[in-house]
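We name chains A, B, ... by the order of the sequence lines, and we start the count at 1 in each one. Everything numeric here is computed off the predicted structure, so don't read it as measured data.
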Amino acid sequence: MTDTVSKARFDEKFEPGQADPRWQSAWEKARTFEADSNSDKPKSFVLEMFPYPSGRIHMGHVRNYTMGDVLARYKKMRGFEVLHPMGWDAFGMPAENAAMEKGVHPGGWTRQNIEAMKAQLKRIGFALDWSRELATCEPEYYGHEQSLFIDLYEAGLVYRRQATVNWDPVDMTVLANEQVIDGKGWRSGAEVEKRKLDQWFLKITDFADELLDGLGSLDGWPDKVRLMQENWIGKSTGLEFSFDVSNGGKLAVYSTRPDTIYGASFVAVAADHPIAQEIAASDAEAKAFCEDCKRGGTTAAEIEAGEKKGFKTQLTARHPFTGEALPVFIANFVLMDYGTGAVMGVPGHDQRDFEFATNYELPILRVVASDPADADKPFGKEAEAGDGVIVNSDMLNGMSVEDAKAKVIGRAEAEAWGNGTTVWRLRDWGVSRQRYWGTPIPFIHCDACGVVPVPKDQLPVVLPEDVDFKQPGNPLLRHPTWKHTSCPKCGEDAQRETDTLDTFVDSSWYFLRFASQPDDRPFDPEEVAKWLPVEQYIGGIEHAILHLLYARFWTRALKHIGQINFAEPFASLFTQGMVTHETYQVFVPDDKGQTTLPRSYMVSPNEVERRDGKVYEIDSGLEVEVGRIIKMSKSKKNVVDPDAILEDFGADSARWFMLSDSPPERDLPWSVAGIEGCHRFVQRVWRLCGAVDVDAQGENKDLARKTHQTIAAVAQDIEALSFNKAVARLYELTAAAEKAAPSESRNHAIVTLLQLVSPMIPHLAEEAWDLLAPALGHSGLIADAPWPEVDEALLVEDEVTIAIQHMGKLRDTITAPKGADKDTLEALALSSEKVQRSIDGKEIRKVIVVPDRLVNIVA
RNA sequence: GCGGGCGUGGCGGAAUUGGUAGACGCGCUGGUUUUAGGUACCAGUAUCGUAAGAUGUGGGGGUUCGAGUCCCUUCGCCCGCACCA
């Protein structure tokens, strides 16, 4: 190192407190990470799920955004024009809760949180294009959402209907199912009522088939997520048909096993089925049973482990083939909102029906057997739902299950008493929320004209600011003026819709708005086409179904109405693991010095210290029991605040920790020792940079080879998102460079290392790159530097280590030239003394040679 | 109950198509530098054994010249859905 000033700087410690803000503002000033839609470079859109502005960044965010950041920076180095934006999923309940609890305005609370969290993200040095920042709570965003909603309405994909909701009579609001605990509102504790309200729906079921089929094209998605969506969509095919009922009416049922129709021995309807309701109206016992079923819906059923119970009605249903009169039951295990709300009971071949038939002593008939000879084989303790051959079924006898299904459906259709049908588990998406802090649904109710969309030139429909949260209920509904307006069609007095949209709507198209942000429309299709689909989407597994399914639906819906030309928004999806931490529990000794279980409390990581392999609470000096490593949560007191870590160790150490050790899809246990180790590594790279010596001469082939192998391997690892492996390789190169004597190869190894670590620890990389510039002759930011070139010739070793086995057991290793032929390797192997000792004169029957790998002697 | 995933040192985890198990990190042990602590550096660290060697990827079995990897079986843990006809 000729530049003594720089040399001296590397002798001192790397100071993130100074370096981090310096480079963060250098990137900002140079607009290093602003994406140019008009660039000629190939495009890459790297996106992490945008956060809800709860107030503080947590470690999960840090991990999520660090992964995306490394990929974004890497892609930039590889010559891509990268779009890596950040925004805020800013509508939602917590803001209204804060308003009620603290008397603040949801908007003020949210915007303050955004500012605080933005500052935190900036301190971590993420390569984000802040010029495209958006918050879903701003009219500049939700106004365009209103416009898209109207487009979908006009395309027939939005409709209103009455739907049953969970109504909290105290808070005067609708509750999500998750907010109903033991039949009571989670906040008010009041008994929740079922109410029928007019609600807005999106026709996601129109796309059920497409959304299911589309999963097959999503190669870049985890199988787990695809499977979860498949189950959620829940396609099944079968026969829907009607029984003639003894009261002269018809009763429609749905079955996926029409092949077993000859095995039907009863018919069962749900407790809220019209037939059940009708009977309940005149029969007190039936009424009591139905109400019991409803109450038992959630908790009681679980307690009773799903015991199948029924109420036998006076009705019978006529079997379409045999003419037999089957008893009709009201049963607790039949659901009204699936299929037709009624089933034919085939006890032999359906486990629920089997249990029910056992309870009520109904016939259990065999109509499927593994072999025709087993036609009269009795059943064991459970139903046989598997495949086989049809028996005891008249015209179906001897057929396979598949053929019999087709035959029965064919006959039902020919004789016009039933139809082959597809039934979906997926329901239309209810998007109405009776809340303030969300996107106003842009419609107007007119007595004369009905429901009328707000004309687009009157968008956005802006939320009123002057609202109060002192009373329960929807502030929009009781606002003195906001809802009063005139009808766009007839001009008469009319009322605004006071429901707001589910916040999942906000997150169903934000990636389009990131790509293109015109003022006058939601996005520019041509600009969107340049960036979309998102090349890599990263987020938590908790969004596997809802967010990811809704975003897929919304994208398909926009394609359907011709606004975009692609169907799937996210080409690749990665679901990262959680950040976890040990838990600490202190057991308080009683007067006699005994510890008793109930007297215990949790303590946080910064309240404990380690001494002699044990853990103690600092304040009390009591020994702490180290509990399970679980997700960081306030209630378990095992949260580590990113700000404190940034303060103590700087952004680079924290980033390095997030990438080290655990594979990104698994949980990452946070530990003090771990972050300290990362900090040591950062300092180690810093010191190593001081070893650059421009006067050094000569080549170190081994180190050069290691350098080029590392370039190739780290690139591969980053592209596979295997950051933990990339980190391991960088440690290896660091160690190799440290050990090597000064040479040109070593200088190259060091500067290459700096480039390779720059996506991960960018502040140190910039600082060192800058200091080395005069000596090495480069210029500019390392963030703008290209990924190092690989010399393919150096990837190949010229000597390899060959394992020598005898009967598959390792006996010796030898060094041989790369590509040595089989005879040479065999001869080398047999010349090994250890191998000869192992063979001990036995006859050699066979020698297996795997070139460049091993020799196995069979003797 | 159904569906999916995972079991490798004290810990997190590596390991192309089956081909040297334990890379890399943490921790730990011993040593060097330092007035001390910390830092840094060197050596060691799967198990048993003084060694030669043997054993070893949750357990059992199989295929193979060769199995962490493939097959069967069994145990344990985690996640998702939950009476979906």
Between B/rG27, B/rA85, B/rC65, which nucleotide has the shortest distance from any of its atoms to the side chain of A/Ser255? B/rA85
Mate of B/rC6 across any strand shown (Watson-Crick or G-U wobble, both atom pairs under 3.5 Å) is B/rG76
On a whole-Å scale, what distance lies between the C1' atoms belonging to B/rA23 and B/rC71? 29 Å
Using the C1' atom on both, measure B/rA36 against B/rA40 and round to a whole Å. 16 Å
Roughly how many Å apart are B/rU8 and B/rC77, using the C1' atom of each and rounding to a whole number? 16 Å
For the P atoms, the ones on B/rC6 and on B/rA54, what distance do you get once it is rounded to whole angstrom? 33 Å
When you measure from the side-chain N and O atoms of A/Lys846 to the phosphate of B/rG66, is any distance below 4.0 Å, counting only OP1 and OP2? no
If you measure from the P atom in B/rG76 to the same atom in B/rG31, how many Å do you get, rounded? 46 Å
Once you apply the 3.5 Å cut-off to both distances, tell me the Watson-Crick or G-U wobble partner of B/rU32, or none. B/rA40
Between A/His543 and A/Tyr550, is the ring centroid distance below 6.0 Å? no
So, using side-chain contact (heavy atoms from CB on, under 4.5 Å) as the criterion, who are the partners of A/Ile844 when residues are at least two apart? A/Leu830, A/Ile839, A/Val847, A/Ile857, A/Ala859
Just wondering, more than 12 heavy atoms not from A/Lys834 lying within 6.0 Å of its NZ? no
Given B/rG1, is OP1 or OP2 found less than 4.0 Å from the side-chain N or O atoms of A/Arg352? no
What is the separation between atom NZ on A/Lys224 and atom P on B/rC78, rounded to the nearest whole Å? 14 Å
Any idea which of B/rU20, B/rC26, B/rG3 is nearest the A/Ala803 side chain? B/rU20
Derivation and outcome, side-chain contact (heavy atoms from CB on, under 4.5 Å), residues A/Ile330 and A/His273: CA-CA 9 Å; A/Ile330 303 168; A/His273 192 280; over 6 Å; no
Rounded interatomic separation in angstrom, taking CD from A/Gln805 and C1' from B/rA21: 12 Å
Watson-Crick or G-U wobble mate for B/rC48, both contacts under 3.5 Å: B/rG53
Taking the same atom, P, in B/rA46 and in B/rG25, what whole-Å distance lies between them? 15 Å
Heavy-atom check, side chain of A/Tyr584 versus side chain of A/Val626, under 4.5 Å: yes
Quick check for you: among B/rG19, B/rC83, B/rC26, whose closest atom lies nearest to any side-chain atom of A/Asn332? B/rC83
Is the distance from OP1 or OP2 of B/rC84 to the nearest side-chain N or O of A/Arg427 less than 4.0 Å? no
Going by purine N1 to pyrimidine N3 plus the second Watson-Crick contact, or the G-U wobble pair, all under 3.5 Å, which nucleotide sits opposite B/rG18? none
Side chains of A/Asp652 and A/Phe14: closer than 4.5 Å at any heavy-atom pair? yes
Of A/Leu335 and A/Thr801, the one whose closest nucleotide on RNA chain B sits nearer the 5' end is A/Thr801
Mind checking A/Val346 for me? I need base, sugar-phosphate or nothing, with any heavy atom below 4.0 Å counting as a touch. nothing
State whether A/Arg425 places a side-chain N or O below 4.0 Å from either non-bridging phosphate oxygen (OP1 or OP2) of B/rC81. no
Is the distance from OP1 or OP2 of B/rU17 to the nearest side-chain N or O of A/Arg853 less than 4.0 Å? no
Distance check needed: B/rG1 C1' versus A/Lys381 NZ, whole Å only. 17 Å
Protein and nucleotides 6-10 of chain B: nitrogen or oxygen contacts under 3.5 angstrom:
none

Provide, to the nearest angstrom, the distance between the CE atom belonging to A/Met760 and the C1' atom belonging to B/rC24. 13 Å
Taking any heavy-atom pair under 4.0 Å as a contact, classify A/Asn856: base, sugar-phosphate, or nothing. base
Does A/Arg366 count as lying over the ring of A/Phe379, i.e. NZ or CZ under 6.0 Å from the six-ring centre, within 45 degrees of the axis? yes
Any side-chain N or O of A/Arg684 less than 4.0 Å from the OP1 or OP2 oxygen of B/rC24? no
Out of B/rA85, B/rA40, B/rA14, which nucleotide sits closest to the side chain of A/Tyr338? B/rA85
Of the nucleotides B/rG3, B/rU20, B/rG27, which has the atom closest to the A/Arg680 side chain? B/rG27
From the candidates B/rG25, B/rC83, B/rU55, the one with an atom nearest any side-chain atom of A/Asp661 is B/rG25
Interatomic distance where CZ belongs to A/Phe354 and P belongs to B/rG1 [whole Å]: 16 Å
With heavy atoms under 4.0 Å as the rule, sort A/Lys725 into base, sugar-phosphate or nothing. sugar-phosphate
For this output row, return yes or no: ring centroids of A/Phe649 and A/Phe657 closer than 6.0 angstrom. no
What is the separation between atom CZ on A/Phe681 and atom P on B/rA40, rounded to the nearest whole Å? 13 Å
What's the base orientation of B/rG9: syn (chi within 90° of 0) or anti? syn
Side chain of A/Arg687 only, heavy atoms from C-beta on: which candidate in B/rA40, B/rC65, B/rG12 is closest? B/rA40
Within a radius of less than 6.0 Å around CD of A/Gln716, do more than 12 heavy atoms belonging to other residues, nucleotides or ligands occur? no
Distance (rounded to the nearest 0.5 Å) between A/Glu384 CD and A/Thr260 OG1: 13.0 Å
B/rG25 phosphate, OP1 or OP2, under 4.0 Å from A/Tyr731 side-chain N/O: no
According to a strict under-4.0 Å criterion, is A/Asn724 in side-chain N/O contact with OP1 or OP2 of B/rG12? no
Under 4.0 Å between any heavy atoms, over every strand shown, what does A/Val343 touch: base, sugar-phosphate, or nothing? Just pick one. base
Looking at B/rC83, does its base get a donor-acceptor pair with the side chain of A/Lys308 below 3.5 Å? yes
Distance between the P atoms of B/rA52 and B/rG68, in whole angstroms? 23 Å
If we take the P atom in both B/rC70 and B/rG7, what is their distance in whole Å? 11 Å
By nearest-heavy-atom nucleotide on RNA chain B, the more 5' of A/Pro663 and A/Cys678 is A/Pro663
Between B/rA21, B/rA23, B/rG12, which nucleotide gets closest to the side-chain atoms of A/Ser662? B/rG12
Specify the separation, in whole Å, of atom NE2 of A/His581 and atom C1' of B/rC11. 14 Å
Among A/Val727, A/Ile675, A/Asn724, the one residue meeting side chain to side chain contact (heavy atoms under 4.5 Å, CB included) with A/Ser660: A/Val727
Distance check needed: B/rC65 P versus A/Arg811 CZ, whole Å only. 18 Å
Would you say the ring centers of A/Phe329 and A/Phe356 fall short of 6.0 Å from each other? yes
